[in-house]
Amino acid sequence: MATTITKRSEDYSQWYIDVVLQADLAEYSPVKGCMVIKPNGYGIWENIQRNLDRMFKETGHVNAYFPMFIPESFLKKEAEHVEGFAPECAMVTHAGGKQLEEPLAIRPTSETIIWSTYRNWIKTWRDLPILINQWANVCRWEMRTRLFLRTTEFLWQEGHTAHATWEDAEEEAMRMIRVYQRFAEEFLAMPVVVGRKTNREKFAGADHTYCIEAMMQDGKALQAGTSHHLGQNFAKAFDVKFQDRDMQLKYVYATSWGVSTRLIGGMIMTHSDDDGLVIPPRLAPLPVVFVPIYRKDDERELVLNRIASITDGWDPLFYKVDDRDQYRPGYKFAEWEVKGVPLRVEIGPRDVAQNTVVVVRRDTKEKTTCSCDTLLDTLKTMLSDMQQDLFNAARERMNARTYTVDSYDEYRERVEEGGFFRVFLDVDNPEVEAKLQEDTRSTVRCIPFDRPDEEGPCMITGKPCRGRVIASQSY
RNA sequence: CGGGGAGUAGCGCAGUCCGGUUAGCGCGCCUGCUUUGGGAGCAGGAGGCCGCGGGUUCGAAUCCCGCCUCCCCGACCA
């Protein structure tokens with residue numbers, strides 16, 4: 001494996017592709033925009049699933065599964081929704097050797113099929129809330145694709161909840177965006193700005209959309225998760241009513257929320273470096289790899305025996321011993337670095353004699369000599385330190401590249417270089433955002449929850465605005 | 001979909017302009033020996049629908065037409 005990863009400073013896009021391919025996370029498929037997620041990449045997704053799924057269940061949700069085929073007519077029932085998704089829908093027109101009477105969409109998202117089903121499930125206020133999540137694949141025929149960040153088919157989870165009141169739905173939408181924030185920060189070690197989307201950027205069919213936005217190492221924003229308050233839009237489109245305590249028939253309020261395999265792309269672009277992938281320990285399919293060092297067979301046996309005695313009783317999924325004979329240690333060091341394994345343990349005859357090992361952290365490359373007797377505790381501490389350090393470093397990068405700007409000229413000049421820009425902008429006027437995008441290829445990423453109560457003139461129109469928004473170029 | 005670049009062994013590439021023996025090179029792979037604390041050395045060997053389909057020609061990796069895929073820049077998006 002002659003690894004050549006393009007330097008971030010030379011070509012950030014190419015660097016990203018190089019990391020994905022050389023860390024063996026995924027490869028291209030014969031179909032445009034689709035990818036094979038290989039075991040190294042899927043293992044990360046499994047860890048994302050496992051941890052998020054637990055958080056969903058801890059907040060009262062259960063999993064179910066709805067079909068991937070959606071009658072075309074369903075998609076058309078909600079006006080904004082069909083307008084938003086129709087252009088990117090893959091349609092099945094033939095099956096069983098015949099043309100279908102009604103074309104079937106391969107789900108771009110499942111609101112419609114789910115709400116057509118909820119209609120049968122909901123009769124009284126006692127049926128509410130419904131708190132369901134599904135893990136699924138969806139398909140969106142995007143024009144430009146990018147491994148993990150935007151693929152034609154992608155894996156995600158989508159929560160779909162039904163509530164009796166606007167306030168209950170609001171509480172749910174807010175709860176879930178906070179779950180996403182916590183997951184991003186505690187597991188992906190990826191700091192995010194939490195806020196609300198402008199009307200222009202919200203989900204097609206939503207009343208309003210909450211989001212988490214992360215900053216990649218090139219300063220561009222990545223929308224990492226969204227939580228939508230759907231109001232009564234889908235309940236009205238699918239005629240889903242319940243009889244309330246006051247005997248009145250009322251439309252149900254809804255939320256939906258999702259994150260996707262894009263999170264893996266975000267993780268890569270947040271932490272990885274010119275030597276390859278860096279995986280936050282809490283998501284690493286393999287946290288620790290042992291690289292034995294020896295010359296002759298007797299040394300090999302000595303070292304491998306010592307590793308066996310050190311790791312006696314350890315969780316077998318926690319570590320792996322790279323005892324491949326055909327590669328020398330230097331090769332293995334490089335390979336595990338490209339693949340992003342958080343900690344590497346080097347052990348040779350010298351270490352055996354001294355009852356020590358050398359532990360190397362993937363992110364800092366720092367080498368530490370550690371005693372064999374307490375190695376498991378040492379490794380766990382180092383993993384936990386690394387997790388925290390990755391988050392701190394990413395947060396510092398984000399803070400350092402978050403700017404407050406008042407002049408549109410200055411904004412236009414600086415936005416190309418990346419970063420988040422705290423600006424006054426009249427987001428009640430869609431034309432302002434359209435102009436922003438046309439002029440600068442940047443957009444309003446979110447209206448942050450956490451912003452000082454300031455007043456100032458819109459940098460484009462001069463109209464007085466309350467509070468700044470975050471604008472940036474994005475993926 | 002518009003503009004630009006590319007597709008030849010598992011990977012990276014040369015050859016294509018100007019058609020002509022058996023399609024080359026590096027890495028990797030297989031065998032053997034020597035090596036092994038940061039990507040080993042030597043020797044021998046295996047591996048090709050030249051992206052796919054059609055056409056021109058005595059003859060096509062090379063020329064012509066159509067299609068597919070990937071990368072970069074735009075418009076669309078998680």
Side-chain angles (χ1 to χ4, degrees), chain A residues 1-6 11-18 20-22 24 27-35 83-89 108-109 137-158 180 197 201-204 209 211-214 221-228 256-266 275-276 291-297 299-300 303 323-338 344-352 356-358 360 365 367 369 434 437-438 441 443 473-475:
Chain A
M1 177 162 44
T3 62
T4 46
I5 295 177
T6 305
D11 184 342
Y12 193 79
S13 293
Q14 190 59 49
W15 165 80
Y16 173 77
I17 293 162
D18 289 348
V20 171
L21 297 179
Q22 293 195 28
D24 214 22
E27 64 183 43
Y28 293 107
S29 87
V31 178
K32 182 186 175 75
C34 294
M35 66 175 176
E83 192 185 336
F85 283 104
E88 58 192 53
C89 262
T109 179
N137 59 340
V138 286
C139 184
R140 298 182 186 177
W141 219 262
E142 304 287 356
M143 289 166 185
R144 241 184 93 187
T145 55
R146 207 187 260 270
L147 293 165
F148 286 110
L149 294 177
R150 191 179 299 102
T151 45
T152 301
E153 178 193 10
F154 57 95
L155 305 181
W156 77 345
Q157 58 71 214
E158 45 182 330
Y180 288 154
K197 284 289 185 193
E201 299 284 333
K202 71 174 187 183
F203 176 75
T209 291
C211 63
I212 55 173
E213 295 281 328
L222 183 76
Q223 179 173 308
T226 48
S227 176
H228 316 292
S256 67
W257 27 273
V259 298
S260 71
T261 35
R262 166 179 274 194
L263 288 179
I264 296 174
D275 295 323
V291 177
I293 295 155
Y294 47 80
R295 287 188 193 81
K296 308 288 182 195
D297 280 351
E299 285 184 352
R300 181 175 193 275
V303 170
D323 58 0
R324 294 175 298 174
D325 253 340
Q326 69 269 37
Y327 300 117
R328 299 162 86 218
Y331 179 94
K332 296 177 181 177
F333 297 166
E335 178 175 330
W336 293 113
E337 277 170 8
V338 173
R344 178 175 77 240
V345 180
E346 306 175 4
I347 175 167
R350 289 206 304 265
D351 301 291
V352 173
T356 58
V357 296
V358 174
V360 188
K365 311 280 168 63
K367 296 194 175 193
T369 302
Q437 181 161 15
E438 191 173 326
R441 291 185 294 122
T443 49
Q473 293 194 343
S474 69
Y475 281 98

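These figures come from a predicted structure and were not determined experimentally. Convention: sequence-line order gives letters A, B, ...; per-chain numbering from 1.
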Can you check nucleotides 66-70 of chain B for protein contacts, nitrogen or oxygen pairs under 3.5 Å, and list what you find?
| from | atom 1 | to | atom 2 | distance (Å) |
| --- | --- | --- | --- | --- |
| B:C70 | OP1 | A:Gly33 | N | 2.4 |
| B:C70 | O3' | A:Tyr28 | OH | 3.2 |

Under 6.0 Å between ring centres: does that hold for A:Phe85 and A:Phe203? yes
Among B:C77, B:G37, B:G38, find the nucleotide with the atom closest to the side chain of A:Val360. B:G38
So, taking the atom named NZ in A:Lys332 and the one named CG in A:Asp323, what distance separates them when rounded to the nearest 0.5 Å? 7.0 Å
Kindly write out the residues that satisfy ring-ring contact (aromatic ring centres under 6.0 Å, His included) with A:Trp156, not counting sequence neighbours, or none if the list is empty. A:Phe154
Strand partner of B:C17, provided both Watson-Crick or wobble distances fall under 3.5 Å: none
Does A:Ser13 reach a base, just sugar-phosphate, or nothing at all? Heavy atoms under 4.0 Å. sugar-phosphate
What's the spacing between A:Ile17 CD1 and A:Ile5 CD1 if we round to 0.5 Å? 12.5 Å
Quote, to the nearest angstrom, the C1' distance that separates B:A23 from B:C50. 8 Å
Testing B:C72, B:G37, B:C77 for proximity to the side chain of A:Arg350, the answer is B:G37
Relative to each other, are the rings of A:Tyr180 and A:Trp257 parallel, tilted or perpendicular (30° and 60° limits)? perpendicular
Any donor-acceptor N/O pair under 3.5 Å between B:G38 base and A:Glu335 side chain: no
What's the CZ-P distance between A:Arg146 and B:A75, to the nearest Å? 13 Å
Record whether the side chain of A:Arg150 comes under 3.5 Å of the base of B:C77 through a donor-acceptor pair of N or O atoms. yes
Nearest-Å distance once atom P is located in both B:G66 and B:G3: 14 Å
A:Gln437, nearest nucleotide to its side chain (from B:C73, B:A75, B:C76): B:C76
Partner nucleotide, any strand, of B:C52 [Watson-Crick/G-U, under 3.5 Å]: B:G66
Calculate the interatomic distance between A:Gln326 atom CD and B:G41 atom C1'; express it in whole Å. 17 Å
Return the value, rounded to whole Å, for the distance between atom CD1 of A:Ile293 and atom P of B:U35. 18 Å
Could you let me know what B:C1 is paired to, Watson-Crick or G-U wobble, both distances under 3.5 Å, or none if it's on its own? B:G74
Check every strand shown and say whether A:Glu142 touches a base, only sugar-phosphate, or nothing at a heavy-atom separation below 4.0 Å. base
Categorize A:Lys367 for me: base, sugar-phosphate, or nothing, with a 4.0 angstrom heavy-atom threshold over every strand shown. base
Any strand: nucleotide that pairs with B:U57 via Watson-Crick or wobble, under 3.5 Å: none
Pairwise P distance for B:A46 and B:C30, with rounding to whole Å: 15 Å
Under 4.0 Å, heavy atoms only, any strand: does A:Thr151 hit a base, just the sugar-phosphate, or nothing? base
Taking the P atom in each of B:C63 and B:G19, what is the distance between them to the nearest angstrom? 9 Å
Categorize A:Gln14 for me: base, sugar-phosphate, or nothing, with a 4.0 angstrom heavy-atom threshold over every strand shown. sugar-phosphate
Sticking with atom P, work out how far B:U21 lies from B:C42, rounded to a whole angstrom. 33 Å
Considering every strand and a 4.0 Å limit on heavy-atom distances, what is the contact class for A:Asp325: base, sugar-phosphate, or nothing? nothing
Could you identify the nucleotide paired to B:A9, looking across every strand shown and requiring Watson-Crick or G-U wobble geometry with both distances under 3.5 Å? none
Distance in angstrom units between A:Met143 CE and B:C71 C1', rounded: 19 Å
Looking at A:Lys365, I'd like to know whether one of its side-chain N or O atoms comes within less than 4.0 Å of OP1 or OP2 on B:G38. no
Complement of B:C42, any strand, by Watson-Crick or G-U distances under 3.5 angstrom: B:G32
Whole-Å distance separating the CD atom of A:Glu88 from the P atom of B:C76: 12 Å
Distance check, rounded to the nearest 0.5 Å: A:Asp275 atom CG versus A:Phe333 atom CZ? 14.0 Å
Rounding to an integer number of Å, can you tell me how far A:Asp18 CG sits from B:G12 P? 10 Å
What contact category does A:Lys296 fall into here, base, sugar-phosphate, or nothing, at under 4.0 angstrom with non-hydrogen atoms? sugar-phosphate
Apply ring-ring contact (aromatic ring centres under 6.0 Å, His included) to A:Tyr475 and list each qualifying residue two or more places apart in sequence or on a separate chain. none
Categorize A:Pro87 for me: base, sugar-phosphate, or nothing, with a 4.0 angstrom heavy-atom threshold over every strand shown. nothing
Correct closest heavy-atom pair for A:Arg140 and A:Thr109 would be NH2-CB, 3.6 Å
Taking every non-hydrogen atom, the tightest pair across A:Pro292 and A:Val303: CB-CG1, 3.6 Å
Paired to B:U22 by Watson-Crick or G-U wobble criteria (both distances under 3.5 Å) is none
When the C1' atoms of B:C25 and B:A9 are considered, how many whole Å apart are they? 12 Å
Rounded to the nearest angstrom, tell me the gap between atom CZ in A:Arg295 and atom P in B:U36. 6 Å
Mind checking the P distance from B:U62 to B:C17? Whole angstroms is fine. 9 Å
Separation of B:C77 P from A:Leu222 CG (nearest whole Å): 16 Å
Assert: residue with more 5' nearest nucleotide on RNA chain B, out of A:Asp11 and A:Pro329, is A:Pro329
Taking the nucleotide of RNA chain B with the closest heavy atom to each, which residue, A:Phe154 or A:Asp351, is nearer the 5' end? A:Asp351
Is it true that A:Glu213 and A:Lys197 make a salt bridge, defined as a side-chain N closer than 4.0 Å to a carboxylate O? yes
Within the pair A:Tyr327 and B:C29, is there a side-chain N or O less than 4.0 Å away from OP1 or OP2? yes
Do other residues, nucleotides or ligands put more than 12 heavy atoms under 6.0 Å from the CG atom of A:Asp297? no
Say we look at B:A14 and B:G53: how far apart would their C1' atoms be, to the nearest angstrom? 27 Å
Considering every strand and a 4.0 Å limit on heavy-atom distances, what is the contact class for A:Leu149: base, sugar-phosphate, or nothing? base
Contact class for A:Val358 vs. all strands (heavy atom < 4.0 Å): base, sugar-phosphate, or nothing? base
